[in-house]
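Before any comments, here is the structure.
Computed from a prediction, not measured in an experiment: that's the story for all the values here. All residue numbers refer to positions in the sequence shown, counting from 1.
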Amino acid sequence: QVQLVESGGGLVQAGGSLTLACAASGNFLSIYVMAWYRQAPGKQRELVAAITSGGMTTYADSVQGRFTLSRNNAKNTVYLQMNSLKPEDTAVYYCKASITRPYWGQGTQVTVSS
């Protein structure tokens, strides 16, 4: 079994910064892709950013240049540095790990006030 524990969400003013962390633990050899998704009220869950075990990253157009995703393979942890936050970034952020199948974290709330 695999567990994903997310941390770092909270309330921040527009223009501020937050860093989310997602730590994976359990019985696995390696995680190919780790990613962050988000889901705002009334909207579909969308990909925010993803990173492979080799460090290749991809970002949603809406966060490109503001968010940075990094990964510590030794700790099976990813970090999402979010800068210049906007009210439209408000959502529940979910971590996803692609192993033999996708695993999801429980979600962490990010609220950006205007």
Original post:
Are Tyr79 and Met82 linked, directly or through other ILVMFWY residues, by side chains that come within less than 4.5 angstrom of each other?
Top reply: no

**OP:** Considering non-hydrogen atoms only, spot the tightest contact between Ile31 and Ala24 and give its length.
**Re:** CD1-CB, 3.6 Å

Original post:
How long is the gap from CG on Asp89 to OG1 on Thr111, to the nearest 0.5 Å?
Top reply: 11.0 Å

Subject >> Verify same cluster id: Val78, Val33 (apolar side-chain graph, 4.5 Å) >> reply: no

Subject >> Backbone of Gln106 reached by a side-chain donor or acceptor of Glu6 within 3.5 Å >> reply: yes

Original post:
Is there side-chain contact between Thr90 and Arg38, with at least one heavy-atom pair below 4.5 Å?
Top reply: no

**OP:** Enter the distance from Met34:CE to Leu80:CG here, rounded to the nearest 0.5 Å.
**Re:** 11.5 Å

**OP:** Enter the distance from Gln81:CD to Leu69:CG here, rounded to the nearest 0.5 Å.
**Re:** 11.0 Å

Original post:
Taking everything shown except Phe28 itself, do over 12 heavy atoms lie less than 6.0 Å from its CZ?
Top reply: yes

**OP:** Tell me whether Leu18 is reachable from Val92 by hopping between hydrophobic residues (I, L, V, M, F, W, Y) whose side-chain heavy atoms are closer than 4.5 Å.
**Re:** no

**OP:** Check each of Tyr93, Tyr94, Trp104 against Tyr37 using the ring pair (Phe, Tyr, Trp, His ring centres under 6.0 Å) test, and report the only one that passes.
**Re:** Trp104

Subject >> Inter-residue atom distance Thr68.OG1 - Ile51.CD1, 0.5 Å rounding >> reply: 10.0 Å

Original post:
How many angstroms lie between NZ in Lys86 and OG in Ser114, if you round to the nearest 0.5 Å?
Top reply: 14.0 Å

Original post:
Which heavy-atom pair separates Pro102 from Lys96 by the least distance, and what is that distance?
Top reply: CB-CE, 3.6 Å

Subject >> Smallest separation among heavy atoms of Trp36 and Cys22, with atom names >> reply: CZ2-CB, 3.5 Å

**OP:** Supply the atom-to-atom distance Ser53 OG to Arg71 CZ, rounded to the nearest 0.5 angstrom.
**Re:** 5.5 Å

Original post:
Knowing that exactly one of Asn83, Leu20, Thr57, Val48 qualifies, which makes a side-chain contact (heavy atoms from CB on, under 4.5 Å) with Phe67?
Top reply: Val48

Subject >> Heavy-atom closest pair, residues Ala35 and Ala50 >> reply: CB-CB, 3.7 Å

**OP:** Please report the shortest heavy-atom distance between Ser30 and Ile99, naming the atom on each side.
**Re:** O-CG2, 3.7 Å

